[in-house]
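Here the structure is a predicted model, which is why all the values come from computation and not from measurement. Hydrogens, waters and symmetry mates are skipped; everything else that's a heavy atom, side chains included, is used.
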Amino acid sequence: IVRFLLSIEKPTPEIVTAIEGAVAWLRAVPIKGVRLEAVLGPDGRTERRLVNDPAAPPLWARFYELGTHRPLYLDRDSVFNYEFAKVGYERRSGYDYHGTWAASLLAKDYPAWRARHFKPAATSP
């Protein structure tokens with residue numbers, strides 16, 4: 001949605017507010033210090049796990065709890081979990097609960113949008 005809003009040629013003040021709010025939120029909620037890794041389990045199946053890694057790039061969760069901004073994970077029973085490891089194999093390894101989705105938006109798309117729409121004022125000599 002944010003990328004769509006960034007594509008609007010003449011954003012209204014409401015659209016600008018929405019973009020700025022979304023960017024502020026994305027900057028506030030990344031998951032840091034872990035990476036998503038595919039690990040061969042004892043049963044021979046590959047599964048995804050979050051592994052501590054201070055050098056890992058930030059991740060964003062697919063779902064967040066309203067109000068707390070904590071990542072949420074659900075199994076097919078729709079019971080909320082706050083711990084990725086508590087989600088069953090099928091959901092943990094077959095669904096993208098984490099990604100680096102916002103990284104390029106924050107590093108490239110948003111700055112390019114700001115440069116297009118908010119050019120610095122020229123200074124007179």
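- Counting heavy atoms from C-beta on, the side chains of Leu36 and Val51 never come closer than 4.5 Å.
- The CG atom of Leu106 lies 11.0 Å from the OG1 atom of Thr100; values are rounded to the nearest 0.5 Å.
- With contacts defined as side-chain heavy-atom distances shorter than 4.5 Å, the pair Arg45/Ser93 does not qualify.
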In residues 16-29, what donor-acceptor pairs under 3.5 Å come from side-chain atoms, sequence neighbours left out?
unit_1 : atom_1 : unit_2 : atom_2 : d
Thr17  : OG1    : Pro13  : O      : 2.9
Glu20  : OE1    : Tyr110 : OH     : 2.4
Glu20  : OE2    : Tyr110 : OH     : 3.2
Glu20  : OE2    : Arg114 : NH1    : 2.6
Trp25  : NE1    : His69  : ND1    : 2.9

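- Atom CD in Glu83 sits 12.5 Å away from atom CG in Leu72 (nearest 0.5 Å).
- Shown here is Leu40, whose CG atom has more than 12 heavy atoms of other residues, nucleotides or ligands within 6.0 Å.
- For Arg92 and Tyr73, the positive end is not near the middle of the six-membered ring at less than 6.0 Å and at most 45° from its axis.
- With sequence neighbours excluded, the residues satisfying side-chain contact (heavy atoms from CB on, under 4.5 Å) with Thr12 are Glu14, Ile15.
- Sorted by first and then second residue, the side-chain hydrogen bond (donor to acceptor under 3.5 Å, both in side chains) pairs with a member in residues 52-64 read Arg35-Asp53; sequence neighbours excluded.
- Tyr97 is listed as a side-chain neighbour of Phe84, based on a closest heavy-atom distance under 4.5 Å.
- Cluster annotation: Tyr89 and Val39 are assigned to distinct hydrophobic clusters (Ile/Leu/Val/Met/Phe/Trp/Tyr, side-chain heavy-atom contacts under 4.5 Å, transitive).
- With hydrophobic clusters built from ILVMFWY side chains whose heavy atoms lie under 4.5 angstrom apart, Val79 does not share a cluster with Leu74.
- Counting non-hydrogen atoms of other residues, nucleotides and ligands closer than 6.0 Å to CZ of Phe80 gives a total of 12 or fewer.
- Side-chain heavy atoms closer than 4.5 Å link hydrophobic residues (I, L, V, M, F, W, Y) into clusters, and following such links, even through other members, never connects Leu66 to Tyr82.
- Summarising the geometry of Pro71 relative to Ile31, their closest heavy-atom pair is CG-CD1, 3.8 Å, with the distance given to 0.1 Å.
- In terms of heavy atoms, Leu59 sits closest to Val34 at CD1-O, 4.0 Å.
- Judged by distance alone, the side chain of Asp75 and the main-chain N or O of Asp77 form no donor-acceptor pair under 3.5 Å.
- Between the side chains of Tyr95 and Glu90, no donor-acceptor pair of N or O atoms lies under 3.5 Å.
- Between Asp109 and Arg3, the closest heavy-atom pair is OD2-NE, 2.7 Å.
- Taking 4.0 Å as the cut-off between side-chain N and carboxylate O, Glu37 and Arg48 do not count as a salt-bridged pair.
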